[in-house]
There are 2 protein chains.
Amino acid sequence: MNGRRPAWNATPPDDAVDALLVASRALVSVAARSLAGDEEITLPQFRTLVLLAGEVRVTVTDIAHALDIHPSSATRLCDRLVRKGLIERIASQDDRRVVEVHLAPGGRAAMERVTVRRRRDLATIADRMTDDELAGAVKALHAFADAAGALATPDLWGWDPRLPEDSG
Amino acid sequence: MNGRRPAWNATPPDDAVDALLVASRALVSVAARSLAGDEEITLPQFRTLVLLAGEVRVTVTDIAHALDIHPSSATRLCDRLVRKGLIERIASQDDRRVVEVHLAPGGRAAMERVTVRRRRDLATIADRMTDDELAGAVKALHAFADAAGALATPDLWGWDPRLPEDSG
DNA sequence: GGGAATGCATGCAGAAAAGCAATTATTGCA
DNA sequence: TGCAATAATTGCTTTTCTGCATGCATTCCC
């Protein structure tokens with residue numbers, strides 16, 4: 001209802017969602033693989049790194065919300081990432097209860113390595129598409145990423161009424 | 001080199017791979033969330049169910065290759081899925097060493113629930129795209145899924161020289 | 001027929017993830 | 001000032017995921 005499509009066509013067609021769904025599975029597979037082979041970085045850990053890379057100020061609570069896990073689990077997740085030298089905990093100046101989590105140099109490097117790996121796999125897939133298909137995919141995926149990104153901010157994920165917490 | 005693009009343009013452009021990469025992260029996030037809320041199905045477990053849903057004959061070895069894990073890990077994964085009533089083990093007729101793994105009714109139902117959840121989230125995102133963007137996305141994503149699917153068959157993933165096992 | 005290879009399972013072990021309850025420190029508000 | 005709310009952590013428990021080595025049954029091939 002909040003979207004960019006007119007009110008007389010308020011619901012995205014099923015086949016569009018289907019296409020996203022199928023592509024989603026393929027991309028998840030690629031993502032899981034790019035992680036599996038790499039040096040001991042798990043999916044929750046990588047998702048945390050991605051979050052840190054994209055936001056200026058991320059707290060432990062933000063991580064818990066973004067990954068939809070218990071705050072204590074987020075603390076433990078950070079423990080492991082700190083132990084690996086991938087992130088740093090910094091006490092917030094504004095509110096001394098808060099701990100800001102930042103990407104450490106090692107974390108940035110690790111993201112780099114995983115990303116290179118994933119790019120390689122994606123390039124292998126892209127290589128099997130025609131130029132036209134690829135151009136269309138790029139345009140579409142940019143739009144998709146923008147739309148997803150607008151919802152992916154910590155302020156929205158998890159407690160936004162647009163995505164009811166547990167209705168399924 | 002094996003792809004559908006002409007030889008004079010053999011490598012997919014970086015920005016295309018970039019778009020896939022960014023979209024990949026967004027979709028992984030959606031996928032992880034659709035799992036987190038649901039009933040105790042982990043990512044490896046769901047990936048297994050997806051594999052079973054898409055192939056006619058899947059063996060334990062196939063699962064190990066598809067998920068890039070040790071055969072014994074695949075056995076344990078199946079143990080847990082059997083215990084949950086999501087899959088069934090059936091001794092192969094052709095080769096009595098082989099165990100075929102099939103989706104149980106409960107597994108199909110579980111996939112259904114997770115998929116409904118994921119579709120809901122994807123629809124929320126699609127709702128923020130224009131009709132044109134969405135139409136382009138469907139076309140492109142189908143092509144992408146086809147290209148990925150061609151590589152995702154058990155025969156290719158894991159030991160196809162196109163995706164060197166550990167070069168990163 | 002007999003050894004090699006294949007497919008799967010089991011014993012063993014370690015790491016990761018996740019939740020709940022309880023605690024500490026800090027902040028906000030009446 | 002004092003009490004409630006918030007942020008993060010810690011202790012504890014359980015489940016899952018993963019690999020390696022080993023063993024067992026079956027199949028393949030010389």
Side-chain angles (χ1 to χ4, degrees), chain A residues 28 32-33 35-49 51 57-84 86-102 110 154 158-159 165-166, chain B residues 32-33 35-49 51 57-84 86-102 110 154-155 158-159 165-166:
Chain A
V28 167
R33 292 199 136 254
L35 246 41
D38 210 87
E39 73 252 72
E40 320 296 293
I41 295 184
T42 67
L43 185 59
Q45 288 175 13
F46 187 69
R47 290 182 68 200
T48 304
L49 296 186
L51 183 67
R57 182 176 174 277
V58 176
T59 70
V60 174
T61 301
D62 289 338
I63 295 174
H65 278 134
L67 303 200
D68 199 21
I69 57 177
H70 197 276
S72 67
S73 297
T75 292
R76 296 280 152 70
L77 193 51
C78 289
D79 286 347
R80 289 185 283 266
L81 288 169
V82 166
R83 200 193 317 143
K84 290 181 181 175
L86 304 184
I87 67 170
E88 288 170 342
R89 275 193 250 241
I90 300 179
S92 169
Q93 298 298 322
D94 316 329
D95 185 335
R96 292 166 61 192
R97 293 171 300 183
V98 171
V99 171
E100 289 180 21
V101 184
H102 294 268
W159 53 84
E165 194 55 46
D166 206 330
Chain B
R33 292 200 136 254
L35 244 42
D38 211 88
E39 73 251 75
E40 322 294 292
I41 297 183
T42 67
L43 184 59
Q45 289 175 11
F46 188 67
R47 289 181 68 199
T48 304
L49 298 185
L51 183 67
R57 184 176 173 277
V58 176
T59 70
V60 174
T61 302
D62 289 339
I63 295 174
H65 279 134
L67 303 200
D68 199 21
I69 57 177
H70 198 276
S72 68
S73 297
T75 293
R76 296 281 152 72
L77 195 50
C78 290
D79 287 346
R80 291 183 283 267
L81 287 169
V82 166
R83 200 190 321 143
K84 289 181 181 176
L86 304 185
I87 66 170
E88 287 169 343
R89 274 193 249 240
I90 299 178
S92 170
Q93 299 298 324
D94 315 329
D95 185 335
R96 291 168 59 194
R97 293 170 299 182
V98 171
V99 171
E100 291 180 19
V101 183
H102 293 268
D155 282 352
W159 53 85
E165 195 55 47
D166 208 328

Quick one: which of B:Asp62, B:Leu67, B:Val58, B:Leu86 gives a side-chain contact (heavy atoms from CB on, under 4.5 Å) with B:Thr48?
-> B:Leu67
Can you check whether B:His65 reaches B:Thr61 side chain to side chain, under 4.5 Å on heavy atoms?
-> yes
Between A:Leu51 and A:Ala66, which heavy-atom pair has the shortest distance, and what is it?
-> CD2-CB, 3.7 Å
When rounded to whole Å, the CZ to P distance for the pair A:Arg47 and C:dA18 reads 9 Å
Report which part of the nucleic acid B:Pro71 touches: base, sugar-phosphate, or nothing (heavy-atom distance under 4.0 Å, all strands).
-> nothing
Rounded off to whole Å, could you give me the CD-to-C1' distance for the A:Glu40 and C:dG14 pair?
-> 12 Å
Quick one: A:Lys84 NZ to C:dA15 P, roughly how many Å, whole number?
-> 11 Å
Please report the shortest heavy-atom distance between A:Gln45 and A:Glu40, naming the atom on each side.
-> OE1-O, 3.6 Å
Quick one: are B:Leu81 and B:Val101 in side-chain contact, heavy atoms under 4.5 Å?
-> no
Please determine, for the side chain of A:Ser72, which listed nucleotide (C:dA17, C:dG19, D:dA21) has the closest atom?
-> C:dG19
Taken to the nearest whole Å, CD/B:Gln45 to P/C:dA17 is 16 Å
When rounded to whole Å, the CG to P distance for the pair A:Leu43 and C:dA17 reads 9 Å
Could you tell me the separation between the NE2 atom of A:His102 and the CZ atom of A:Arg57, rounded to the nearest 0.5 Å?
-> 8.5 Å
For A:Pro71 and A:Ala64, work out which heavy atoms get closest and say how close.
-> CA-CB, 3.9 Å
Nearest heavy-atom pair of B:Ile63 and B:Cys78: which atoms, and what distance?
-> CD1-SG, 3.8 Å
Would you mind building the protein contact string for nucleotides 24-30 of chain D? One character per nucleotide, 5' to 3', B for base within reach (heavy atoms under 4.0 Å), S for sugar-phosphate only, - for untouched.
-> -BBS---
For atom NE2 of A:His65 and atom P of D:dA8, their distance in whole Å | 10 Å
Between B:Ile69 and B:Arg83, the residue closer to the 5' end of DNA chain D by nearest nucleotide is B:Arg83
Whole-Å distance, B:Phe46 CZ to D:dT16 P, equals 17 Å
Would you mind writing out the side-chain donor-acceptor pairs for residues 90-99 of chain B within the sub-3.5 Å range, not counting sequence neighbours?
residue: B:Ser92; atom: OG; partner: B:Asp94; partner atom: N; Å: 3.3
residue: B:Ser92; atom: OG; partner: B:Asp95; partner atom: N; Å: 3.4
residue: B:Asp95; atom: OD1; partner: B:Arg97; partner atom: N; Å: 2.9
residue: B:Asp95; atom: OD1; partner: B:Arg97; partner atom: NE; Å: 3.1
residue: B:Asp95; atom: OD2; partner: B:Arg97; partner atom: NE; Å: 3.3
residue: B:Asp95; atom: OD2; partner: B:Arg97; partner atom: NH2; Å: 2.7

Taking only heavy atoms on the protein side, list every residue of residues 73-81 of chain B lying under 4.0 Å from any atom of DNA chain C, sorted numerically.
-> B:Thr75, B:Arg76
Specify the separation, in whole Å, of atom NE2 of A:His70 and atom P of D:dG11.
-> 16 Å
